[in-house]
Amino acid sequence: MHMSDNDNLYPMRHSLAHITAAAVQHLWPEAKFGVGPVVKDGFYYDIDIPNVTISTDDFDKIEAEMRKIIEEKQAFERSEKHVDEAINWAKEVKQPYKEELLNDLKRSGTTVAKDLNADELGTIAEGDGAIENVSFYTNGDFTDLCRGPHVEDTGKVGAFKLSRVAGAYWRGKETNPQIQRLYGVAFETPKDLRKYLEMQEEAKKRDHRKLGVDLDLFVFSELVGSGLPMFTPRGTVLREEIENFSNELRQNRGFQKVSIPHITKKELYEKSGHWDKFGDELFLVKSQETKDELVLKPMNCPHHTQIYASKPRSYRDLPIRYLDTTMVYRDEKSGELGGLNRVRSITQDDSHSFCRQDQIENEIEGLLAAAKELYGAVGMELRVRLSYRDSSDAYLGKPEIWESAQSQLKNAVVANGLEFYEQEGEAAFYGPKIDFMATDAIGREHQVATVQLDFVMPDRFGLKYVDEEGSNQAPVMIHCALLGSTERFLSVYIEHSAGKFPVWLAPEQLRVITVNQEVETVAFAEKLVDQAKEKGLRVTIDNTNESVGKKIRATEVLKVPYSVVVGEKEIETGKLTPRVRKDLAVEGRQDEAYVVENLITSIANEARSRVQKSSL
RNA sequence: GCCGCCUUAGCUCAGCUGGUUAGAGCAACUGUUUUGUAAACAGUAGGUCCCCGGUUCGAAUCCGGGAGGCGGCUCCA
């Protein structure tokens, strides 16, 4: 989490975290405090009150107490203590979490566990060695271990609101006890806060889960199960159009489609290393005859290695590029599921390039260009993250190979002119990644496209090619998914577009609406529909016994890009005035009258074009 | 998986602290109307109040368990 835009809000948000803790301490004197950092749009404080669960019903009470502290304009006073003295203080005031933090400070000069994001724990000192003195801030009767900075006094904070309370593991470790995290949002002025809250309300309207129902795109069923979405006819059109685009972008670059079974012996994953790392997240299926246990595939790369390995390969053959848009299954924990964003049946637009060392850069550049083209066409700007390994033992392969792989990825990203940020600890276990990050309606970031460099998998599967000198070499494997997963892509794309899909993606592109149900009117409309179908358009007719206004409204609600009303006038003149969804409006199009043939041709041309014409 | 909250018709929601046959709008269906660019009028149908168990004379409402959803945490090949 980066605060770049909100640096000036940092001291007051952080001060509000202290004020929150102080208010909680007034209400529940036995409360134990963890950390209270600034996060996007606000702050939180980790709190543990024995036998008490804070609920949203308590927010009024806590906020009232906070206002009291704010009105008192208590000065934030900095003081220093020797670390040993501080530890004694923590013992005295019975703050075991602070005591633990202080002991870490004493030992290593940092409270940041290696697997934690330093920014998120930004309350406390960081350092490389043991330290002597630690700083405290006191306001009124509340004193907290803290690096600062703070505003001068409690009267100088902005507008705030407690937003939610959730469980969180102490110091982010699953094995630690879970305490309560009290979140607040805070802005400089009440107006800014109101604007933020209104934006959150707006965002809910474009939530893909709501639009999925409204636009009739996908459904869940309790009978089918959690995390197992099904796509309606409209949703399936959307899926297939975007998947086809993703496939074409790579088929144009020499990728060939392959096809693999959805189950396999578990030995395949033991060999790849996935079994060790993800064994408990795999679905198992049992043969009733042999009692053999098979695995429902959680990814495709090991299968693809076996196609590569099926015959000898020459250096002349490389790169060999396989492409496979197919579903994988992962037994994600129930609490991790949500909408289309995190599901158990995941469609990957997966590809694997097997290439020589000297082909890596070119290969990656091609894939990055494909990603740029795809996201450009749908009008999405993504953040590019270089995901590196960290110092933990969660990775396979030699560190020197990792170093070289990481710098090659960086070179490719730089060569492509992409802006990026680097993050350790986000790599796959077999190699570093270039991840494209998209943001959902309520500001959460999700990985979509990914390009991954892998020296480990070819080695584990003993993949080879024969080089110019006739000796065996191991190819490099480059994993890539442009959409990432179709489901996750759609979850962010639906929210990005608010369901206003461009013509080429629209499940229904044209609707022909009759003014009445006269035989001639319906016949004319049907003829129009037939012509549009011949041009390959997705077209429907609405000749129901409803008012024209109501039928128009139905197309707007479903966000059908084009509709055309036909009646006596059109039959006589043969001229049609199309109704164009507002966000699609193209210069001159609205008022211009088209003859039937031109109208349909122009919509059909637009439907074939993947360039986004709408500006969102 | 963990913490908290939620679940009433296809959708959005009413239903006061437990008290008869659980309501509305939209959607659906039927009829009247034959309609001119974002909602014609009338009627009909639609509910094991998520499921199972308990408390009670009586449960949509209270308690326990389960399922599903939501927000976090953890995880994410």
Side-chain angles (χ1 to χ4, degrees), chain A residues 39 44 46 48 53-57 115 163-183 204 207 209-210 213-214 216 219-227 269 272-278 280-282 297-302 328 330-339 341-342 346 348 350 394 396 426-431 433 435 442 444 446-447 450 452 454 456-457 479 481 484-485 488 513-518 521 543-557 563-570 577-582:
Chain A
V39 290
Y44 68 75
D46 279 349
D48 185 16
T53 304
I54 294 176
S55 83
T56 48
D57 297 337
D115 51 341
S163 53
R164 55 177 168 254
V165 58
Y169 296 106
W170 167 235
R171 308 189 80 176
K173 273 194 142 129
E174 209 178 352
T175 47
N176 280 345
Q178 201 162 36
I179 59 184
Q180 297 177 75
R181 181 165 294 177
L182 191 50
Y183 285 91
K204 277 186 202 156
D207 188 308
R209 292 164 295 203
K210 177 175 158 48
V213 176
D214 293 351
D216 189 19
V219 295
F220 288 91
S221 156
E222 276 192 34
L223 262 180
V224 174
S226 201
Y269 298 119
S272 70
H274 289 96
W275 182 261
D276 266 358
K277 192 154 165 73
F278 298 109
D280 53 348
E281 287 159 53
L282 306 184
K297 76 177 159 82
M299 89 289 300
N300 311 303
C301 27
V328 297
R330 296 176 183 176
D331 194 1
E332 306 283 4
K333 305 282 170 261
S334 55
E336 289 156 0
L337 301 170
N341 185 51
R342 196 77 180 269
I346 306 154
Q348 291 186 331
D350 208 359
L396 300 179
E426 292 291 341
F429 73 86
Y430 48 71
K433 309 188 285 176
D435 292 323
I442 60 171
R444 295 178 294 201
H446 306 285
Q447 180 204 306
T450 181
Q452 311 174 355
D454 178 4
V456 171
M457 216 55 60
H479 309 242
S485 100
R488 179 175 293 181
I513 293 167
T514 61
V515 169
N516 55 40
Q517 296 181 301
E518 305 292 338
T521 314
N543 58 2
T544 55
N545 180 12
E546 295 289 354
S547 67
V548 171
K550 189 165 186 173
K551 293 197 249 188
I552 291 288
R553 182 162 196 278
T555 68
E556 292 288 341
V557 168
S563 54
V564 57
V565 176
V566 298
E568 224 173 291
K569 222 161 58 190
E570 287 74 17
T577 309
R579 188 185 170 85
V580 184
R581 202 182 63 208
K582 287 180 191 68

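Protein chains get the first letters and strands the later ones, always in sequence-line order, with residue 1 at the start of each.
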Enquirer: Which heavy atom of Gly431(A) sits nearest a heavy atom of Ala427(A), and at what distance?
Expert: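 Minimum heavy-atom contact is O-CB, 3.6 Å.
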Enquirer: Residues two or more places apart in sequence or in another chain: which of them pass side chain to side chain contact (heavy atoms under 4.5 Å, CB included) with Tyr169(A)?
Expert: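 Tyr169(A): side chain to side chain contact (heavy atoms under 4.5 Å, CB included) contacts with Glu174(A), Gln178(A).
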Enquirer: What I'd like to find out is whether the side chain of Tyr269(A) reaches to under 4.5 Å of the side chain of Lys277(A), using heavy atoms alone.
Expert: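 SC-SC contact between Tyr269(A) and Lys277(A) ruled out.
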Enquirer: Once pairs are restricted to Watson-Crick or G-U wobble with both distances under 3.5 Å, how does RNA chain B read as a dot-bracket string, [ ] for crossings and | for other-strand pairs?
Expert: (((((((..((((.....[...)))).(((((.......))))).....(((((..]....))))))))))))....
Enquirer: For nucleotides G58(B) and G19(B), find the distance between their P atoms and express it as a whole number of Å.
Expert: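 Each nucleotide's P atom is 14 Å from the other's.
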Enquirer: With respect to the side chain of Glu556(A), which nucleotide from A38(B), A77(B), G36(B) is positioned closest?
Expert: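 Nearest listed nucleotide: A38(B).
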Enquirer: Any side-chain heavy-atom pair from Val565(A) and Val515(A) closer than 4.5 angstrom?
Expert: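 Counting from C-beta outward, Val565(A) and Val515(A) do come under 4.5 Å.
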Enquirer: If I take atom CG in residue Asn516(A) and atom C1' in nucleotide U35(B), what distance separates them, rounded to the nearest angstrom?
Expert: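 Interatomic distance, CG of Asn516(A) to C1' of U35(B): 7 Å.
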Enquirer: Taking the C1' atom of each, how far is G72(B) from C63(B), in whole Å?
Expert: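 Pairwise C1' distance, G72(B) against C63(B), rounds to 27 Å.
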Enquirer: Quick one: on RNA chain B, does Arg488(A) or Val515(A) contact a more 5' nucleotide (nearest heavy atom)?
Expert: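 Of the two residues, Val515(A) wins.
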Enquirer: For residues Ser563(A) and Ile552(A), report the shortest heavy-atom separation together with the two atoms involved.
Expert: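 Smallest interatomic distance, heavy atoms only, reads OG-CD1, 4.5 Å.
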Enquirer: Counting only N and O atoms by type, is there a donor-acceptor contact under 3.5 Å from the side chain of Arg488(A) to the main-chain atoms of Asn341(A)?
Expert: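 At least one qualifying donor-acceptor pair exists.
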Enquirer: Base, sugar-phosphate alone, or nothing: which one does Gln180(A) contact when heavy atoms must sit under 4.0 Å apart?
Expert: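 The residue Gln180(A) makes no contact with any strand.
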Enquirer: Could you tell me how far C11(B) sits from G53(B) if I compare only their C1' atoms? Round to whole Å.
Expert: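 Per the computed distance, 32 Å lies between those C1' atoms.
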Enquirer: Rounded to the nearest angstrom, tell me the gap between atom CD in Glu281(A) and atom C1' in C76(B).
Expert: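 So the two atoms are 7 Å apart, to the nearest Å.
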Enquirer: Which residues pass the salt bridge (Lys or Arg N to Asp or Glu O under 4.0 Å) test with Glu570(A), sequence neighbours left out?
Expert: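 Glu570(A) satisfies salt bridge (Lys or Arg N to Asp or Glu O under 4.0 Å) with no residue once adjacent residues are dropped.
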Enquirer: Using a cutoff of under 3.5 Å, can you pull out all pairs of nitrogen or oxygen atoms linking the protein to nucleotides 39-43 of chain B, with atom names and distances?
Expert:
{"unit_1": "A39(B)", "atom_1": "N7", "unit_2": "Arg553(A)", "atom_2": "NE", "d": "3.1"}
{"unit_1": "A39(B)", "atom_1": "N6", "unit_2": "Arg553(A)", "atom_2": "NH2", "d": "2.5"}
{"unit_1": "A39(B)", "atom_1": "N1", "unit_2": "Arg553(A)", "atom_2": "NH1", "d": "3.1"}
{"unit_1": "A40(B)", "atom_1": "OP1", "unit_2": "Ser547(A)", "atom_2": "OG", "d": "3.3"}
{"unit_1": "A40(B)", "atom_1": "OP2", "unit_2": "Ser547(A)", "atom_2": "OG", "d": "2.4"}

Enquirer: Have a look at Lys297(A) and say if it touches a base, only the backbone sugar-phosphate, or nothing, with a 4.0 Å heavy-atom cut-off.
Expert: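 Counting heavy atoms under 4.0 Å across all strands, no contact is made by Lys297(A).
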Enquirer: Pick out which of His479(A), Gln447(A), Gln452(A) makes a side-chain hydrogen bond (donor to acceptor under 3.5 Å, both in side chains) with Lys433(A).
Expert: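 Running side-chain hydrogen bond (donor to acceptor under 3.5 Å, both in side chains) over His479(A), Gln447(A), Gln452(A) with Lys433(A) returns exactly one hit, Gln447(A).
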Enquirer: If we only count heavy atoms from C-beta on, is the His274(A) to Cys301(A) side-chain gap below 4.5 Å?
Expert: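 With C-beta onward as the side chain, the pair touches.
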Enquirer: Each nucleotide in nucleotides 63-72 of chain B should get exactly one letter: B, S or -. Can you fill that in based on protein heavy atoms under 4.0 Å?
Expert: ----SSSSBB
Enquirer: Is the backbone N or O of Gln517(A) less than 3.5 Å from a side-chain atom of Thr514(A), with the two atoms forming a donor-acceptor pair by type?
Expert: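 The answer is no, because no donor-acceptor pair under 3.5 Å joins these two groups.
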Enquirer: When the P atoms of C75(B) and C5(B) are considered, how many whole Å apart are they?
Expert: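 Here C75(B) and C5(B) have their P atoms 24 Å from each other.
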Enquirer: Between the protein and nucleotides 9-18 of chain B, list every N/O to N/O distance that falls short of 3.5 Å.
Expert:
none

Enquirer: Contact class for Ile346(A) vs. all strands (heavy atom < 4.0 Å): base, sugar-phosphate, or nothing?
Expert: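 Nothing, no heavy atom under 4.0 Å.
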Enquirer: Can you tell me how far P in G36(B) sits from the matching atom in C41(B), rounded to whole Å?
Expert: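 That atom pair is separated by 14 Å.
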Enquirer: Quickly work out the Met299(A) CE to A77(B) P distance and round it to whole Å.
Expert: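 That distance rounds to 10 Å.
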Enquirer: Categorize Gln348(A) for me: base, sugar-phosphate, or nothing, with a 4.0 angstrom heavy-atom threshold over every strand shown.
Expert: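 No contact.
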Enquirer: What's the closest nucleotide to the Ala428(A) side chain, out of A38(B), C76(B), A77(B)?
Expert: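 Nucleotide nearest to Ala428(A)'s side chain: A77(B).
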Enquirer: Do Glu556(A) and Arg579(A) come within less than 4.5 Å of each other through their side chains, counting heavy atoms only?
Expert: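 The answer is yes; the side chains approach within 4.5 Å.
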Enquirer: Once you round it to whole Å, what is the distance between C1' of C75(B) and CZ of Phe429(A)?
Expert: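 Nearest whole value for this atom pair: 15 Å.
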Enquirer: Starting from P on U34(B), measure out to CD on Gln517(A) and report it in whole angstrom.
Expert: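 That distance rounds to 11 Å.
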Enquirer: Which comes earlier along RNA chain B counting from the 5' end, the contact point of Gly567(A) or that of Ala427(A), where each point is its nearest nucleotide?
Expert: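 With Gly567(A) and Ala427(A) compared, the 5'-side residue is Gly567(A).
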Enquirer: Please state the C1' separation for the pair U17(B) and C62(B) - nearest whole angstrom.
Expert: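 Those two atoms are separated by 12 Å.
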Enquirer: Whole angstrom is fine here: how far is it from CG in Asp331(A) over to P in C75(B)?
Expert: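 Distance, rounded to whole Å: 18 Å.
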Enquirer: For the backbone of Ile54(A) and the side chain of Gln180(A), can you confirm whether one donor and one acceptor N or O come within less than 3.5 Å of each other?
Expert: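 Present.
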Enquirer: Would a distance-only check, ignoring hydrogens and angles, find a side-chain to backbone donor-acceptor pair under 3.5 Å from Thr450(A) to Ala481(A)?
Expert: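 Judged by distance alone, no pair lies under 3.5 Å.
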Enquirer: How many whole angstroms separate atom CD1 of Ile179(A) from atom P of C2(B)?
Expert: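 Answer to the nearest Å: 18 Å.
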Enquirer: Look at the side chain of Arg330(A) and the backbone N and O of Pro298(A), then say whether any donor-acceptor pair between them is shorter than 3.5 Å.
Expert: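 Such a contact is found between Arg330(A) side chain and Pro298(A) backbone.
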Enquirer: Kindly say whether Phe278(A) contributes a backbone atom to a donor-acceptor pair with the side chain of Glu281(A) at under 3.5 angstrom?
Expert: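 A pair under 3.5 Å: no.
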Enquirer: Considering every strand and a 4.0 Å limit on heavy-atom distances, what is the contact class for Thr53(A): base, sugar-phosphate, or nothing?
Expert: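 Sugar-phosphate, no base atom in range.
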Enquirer: Quick one: Lys569(A) NZ to U35(B) C1', roughly how many Å, whole number?
Expert: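 Spelled out: NZ on Lys569(A) to C1' on U35(B) is 13 Å.
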Enquirer: For Asp207(A), run the salt bridge (charged side-chain N to carboxylate O under 4.0 Å, His left out) check against Lys210(A), Lys204(A), Arg209(A) and tell me which one passes.
Expert: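 Going through the options one by one, the only one that passes is Arg209(A).
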Enquirer: With rounding to whole Å, what would you report as the distance between U61(B) and U48(B) at their P atoms?
Expert: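 Roughly 16 Å separates the two P atoms.
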Enquirer: Write down the distance separating the P atoms in G15(B) and C50(B), rounded off to the nearest Å.
Expert: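 It works out to 15 Å between them.
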